[in-house]
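Just below is one structure, and these are the notes that go with it.
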There are 2 protein chains.
Amino acid sequence: MKPITVYDIAKEANVSVATVSRVLNNTAPVKKETRERINELISKYQFQPNALARSLSKKETGMIGIILPDITNPFFPEVLSGFDLEARKRGYTYFLCDTVSASVDSAEQYIRESQYLNALAEKQVDGIVMMGGRVDLAKPDAPLIEEVAEIGKRLPVLLVNGRLPKSGLNRVAVDERHGAELAAQHLIELGHRDIAIVGGFRHMSNTVQRTSAFMKKVEQSGFEVRKEWVLHGGFSVSSGTAFMNRLLELPKRPTAVFCLNDLVAIGVLKAAVKAGLRVPEDLSIIGYDDIPFASNSIPELTTVSLRTHELGRTAGEVLHQMITRSKVNKTTLLKPELVIRESTAALNKS
Amino acid sequence: MKPITVYDIAKEANVSVATVSRVLNNTAPVKKETRERINELISKYQFQPNALARSLSKKETGMIGIILPDITNPFFPEVLSGFDLEARKRGYTYFLCDTVSASVDSAEQYIRESQYLNALAEKQVDGIVMMGGRVDLAKPDAPLIEEVAEIGKRLPVLLVNGRLPKSGLNRVAVDERHGAELAAQHLIELGHRDIAIVGGFRHMSNTVQRTSAFMKKVEQSGFEVRKEWVLHGGFSVSSGTAFMNRLLELPKRPTAVFCLNDLVAIGVLKAAVKAGLRVPEDLSIIGYDDIPFASNSIPELTTVSLRTHELGRTAGEVLHQMITRSKVNKTTLLKPELVIRESTAALNKS
DNA sequence: ATGAAAGCGCTAACAC
DNA sequence: GTGTTAGCGCTTTCAT
């Protein structure tokens with residue numbers, strides 16, 4: 001059986017399609033009587049208007065594309081849920097485009113980003129949100145930027161928690177440097193002087209920024225971070241345990257470690273416990289992100305909250321403004337927050 | 001500037017739109033020379049065909065809808081990543097529809113499911129995957145079933161890890177009873193006789209099935225589960241700690257606890273540790289799901305793996321078969337696996 | 001190998 | 001308040 005259309009409804013109601021369209025969209029007054037007649041038919045036949053046809057003529061789809069590197073990383077579902085809130089409120093529906101960074105090298109990942117960018121444009125989405133991938137790079141190659149900038153000319157593109165230098169694209173992000181400073185200050189106030197910095201990737205801007213801001217803060221306090229205690233090269237739990245084990249082999253070990261994300265912090269925690277250290281008595285650990293599980297470890301993780309949900313919410317808001325051509329700030333910066341839990345404590349002098 | 005269309009390309013190439021369409025879709029032979037001419041124009045103008053228009057006439061969109069209750073629950077990203085794999089391979093793109101069970105009562109959640117069901121149908125998706133929500137109910141109300149069944153007549157609808165009795169809908173799921181049996185057997189083999197069952201909701205089919213299969217297995221082994229040690233009412237970490245605390249108040253305490261999911265297991269673990277119990281020496285804990293963090297707790301969690309990624313993969317496969325009208329089994333059942341880690345140990349007789 | 005033209009299902013002038 | 005009709009941008013017979 002053929003799906004039923006406005007024409008079918010129109011015919012049976014003895015009106016024109018225009019009128020049916022009018023009641024469907026409530027776009028012009030219709031005599032109450034005929035409107036009711038039409039509505040009855042609509043529910044009688046369970047008529048569902050074809051959104052493709054509608055979008056084709058209205059030139060708006062109510063669809064948004066979200067490109068992210070790995071939905072399996074707990075950070076993203078969290079921002080997604082914030083985004084979802086705003087999107088639903090506005091009647092948007094969104095494509096989830098996962099470039100699966102976890103199982104793919106970065107070149108391949110950028111290719112996937114490009115594919116999705118195109119697919120989304122062809123699907124006529126009203127806007128695109130990008131996070132992770134090239135957007136996280138400290139120094140992305142020009143073509144990588146150019147491509148996105150080009151798409152950004154045709155439709156709203158919003159960068160979340162990253163950026164693309166010279167792209168002119170709007171972004172909403174959490175103040176990286178500020179977060180690192182909060183962490184540094186906390187540790188210093190607790191009396192720590194021997195602090196390691198582990199996790200992240202040197203080629204990513206978040207790593208660069210957090211690391212430099214952290215070190216700067218420490219130096220401003222009159223101390224310094226030893227070079228051999230700065231270990232980059234991973235954002236995973238397993239890399240965290242590797243970092244800690246490396247630290248443990250050094251002649252002198254730090255009394256606190258600043259982890260570039262919570263996953264690494266958990267790895268560090270596991271390795272430390274396995275090595276017989278007590279946390280926080282023997283070693284303070286501080287994470288970054290405040291993913292849900294940060295409060296589920298034992299001890300619970302002290303960490304810098306990116307307020308991910310809020311980040312997503314804001315992104316949803318801003319993107320909608322862009323879509324509706326309201327005035328938007330080029331960059332919206334959120335302030336992170338220090339969440340003190342159980343994995344940090346005053347320096348144990350003994 | 002207007003977006004460019006096949007007509008623009010056709011005109012400049014001195015051919016008809018039909019020909020342009022032919023090279024675009026490689027749907028009929030085109031003289032090499034003219035094809036090249038067209039392709040040049042396409043890349044010269046960065047022409048992106050309008051997928052809406054295409055879908056409208058082809059009556060297929062390459063879009064899929066996924067309805068799930070809470071992307072923030074680590075279980076779902078995991079199955080999503082498996083699904084994504086298959087979907088991308090086949091060129092599908094999908095809408096993520098989160099009904100946000102976490103912040104909403106269940107009536108509201110079912111309403112959202114209905115809304116998404118309609119929105120997706122209007123968007124002409126090629127198929128729909130549903131998980132959680134009404135699909136998890138032990139005894140869903142008839143209208144809840146009817147609605148989905150109705151949509152299922154118009155387009156492929158696949159239920160993942162749940163079911164809708166009498167709906168006639170296809171499903172792929174993990175064998176609940178088998179998983180519970182594995183857990184029971186493991187604990188019994190370790191010598192445990194005093195076992196608690198905590199977590200889940202009595203109105204959900206997974207809870208009912210796992211609980212009854214577990215108890216049956218224990219009874220078959222000649223023992224039994226005390227009524228007061230069966231605690232339902234939550235799937236969260238915090239409910240887990242509440243359950244454990246409740247257990248701790250009882251005159252006699254179990255030597256092992258079977259948790260209806262990993263989140264609850266983690267809560268139980270936290271409460272146990274806080275109460276001074278050693279895990280697994282004093283108390284064995286076994287979870288369910290094998291979410292990523294199951295291996296990140298200290299001690300690492302013994303659990304029943306739903307092989308979530310595989311579940312998602314299979315769902316992707318099956319849905320595609322449904323879409324392409326290949327033969328499909330009404331229900332595809334996957335076998336769960338016991339993953340023995342550190343949170344269970346032989347009964348400590350002392 | 002290519003073109004003409006009729007849809008796909010809906011919206012939006014414009015006319016009455 | 002309602003109808004007519006021309007799109008929206010592409011695919012697909014049917015001719016040629």
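Throughout, protein chains are lettered first and strands after them, A, B, ... in sequence-line order, and every chain is numbered starting at 1. As the structure is a prediction and not an experimental result, all values here were calculated from the model.
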- In plain terms, say whether A:Lys89 and A:Glu86 are close enough for a salt bridge, that is, a side-chain N and a carboxylate O under 4.0 Å apart. yes
- Polar contact flag, side-chain donor to acceptor under 3.5 angstrom, B:Glu147-B:Ser114: yes
- Sorted by chain and residue number, the salt bridge (Lys or Arg N to Asp or Glu O under 4.0 Å) partners of A:Arg163 (sequence neighbours excluded) come out as none
- Query: Partners of B:Glu60 by salt bridge (Lys or Arg N to Asp or Glu O under 4.0 Å), sequence neighbours excluded?
  - Reply: none
- Message: Give me the atom names and distance for the closest heavy-atom approach of A:Leu80 to B:Leu96.
- Response: CD2-CD2, 3.7 Å
- Item | side-chain contact (heavy atoms from CB on, under 4.5 Å), paired with B:Val30, selected from B:Glu36, B:Arg35, B:Arg37 | B:Arg35
- Of all the heavy-atom pairs spanning B:Ala51 and A:Gln124, show the shortest one and how long it is. N-OE1, 4.3 Å
- Message: Please list, in numerical order, the residues of residues 115-127 of chain A that have a heavy atom closer than 4.0 Å to any atom of DNA chain C.
- Response: none
- Query: Taking for each residue the nucleotide of DNA chain C with the nearest heavy atom, is it B:Asn14 or B:Lys58 whose nucleotide lies nearer the 5' end?
  - Reply: B:Asn14
- Near DNA chain D, which residues from residues 16-24 of chain A have a heavy atom under 4.0 Å away? A:Ser16, A:Val17, A:Ala18, A:Thr19, A:Arg22
- Query: Knowing that exactly one of A:Ile145, A:Val148, A:Val135 qualifies, which makes a side-chain contact (heavy atoms from CB on, under 4.5 Å) with A:Leu169?
  - Reply: A:Val148
- Query: In terms of side-chain heavy atoms, does A:Tyr116 have a donor or acceptor partner in A:Asp98 at a distance below 3.5 Å?
  - Reply: no
- Message: B:Arg154: which residues meet the salt bridge (Lys or Arg N to Asp or Glu O under 4.0 Å) condition with it, sequence neighbours left out?
- Response: none
- Item | Residues in ring-ring contact (aromatic ring centres under 6.0 Å, His included) contact with A:Phe95, at least two apart in sequence or another chain | B:Phe95
- Residue pairs meeting ring-ring contact (aromatic ring centres under 6.0 Å, His included), one or both in residues 309-334 of chain A, sequence neighbours left out, come to A:Tyr92-A:His320
- Message: Do A:Pro140 and A:Leu164 make a side-chain contact, defined as non-hydrogen atoms from C-beta onward lying under 4.5 Å apart?
- Response: yes
- Message: Name the residue from B:Gln115, B:Glu108, B:Glu113, B:Arg134 that meets the side-chain contact (heavy atoms from CB on, under 4.5 Å) definition with B:Thr99.
- Response: B:Glu113
- Query: Given A:Val79 and A:Asn161, is the side chain to side chain contact (heavy atoms under 4.5 Å, CB included) satisfied, shown in steps?
  - Reply: CA-CA 10 Å; A:Val79 356; A:Asn161 229 23; over 6 Å; no
- Query: At how many degrees, to 10°, do the end axes of the helix from C:dA1-D:dT16 to C:dC16-D:dG1 meet when each uses five pairs?
  - Reply: 30°
- Message: For chain A and DNA chain D, what are the first and last nucleotides along the strand, 5' to 3', with at least one atom under 4.0 angstrom from a heavy atom of the protein chain?
- Response: D:dG1 to D:dG9
- With A:Met130, which of A:Leu117, A:Asp136, A:Ile66 fulfils side-chain contact (heavy atoms from CB on, under 4.5 Å)? A:Leu117
- Query: What are the residues of residues 34-57 of chain A, sorted by number, that bring a heavy atom to within less than 4.0 Å of DNA chain D?
  - Reply: A:Thr34, A:Leu56, A:Ser57
- Query: How would you give the extent of chain B contacts on DNA chain C, as first and last nucleotide 5' to 3' within a 4.0 Å heavy-atom cut-off?
  - Reply: C:dA1 to C:dG9
- Please list, chain by chain and in numerical order, all residues satisfying salt bridge (Lys or Arg N to Asp or Glu O under 4.0 Å) with B:Lys2, sequence neighbours excluded. none
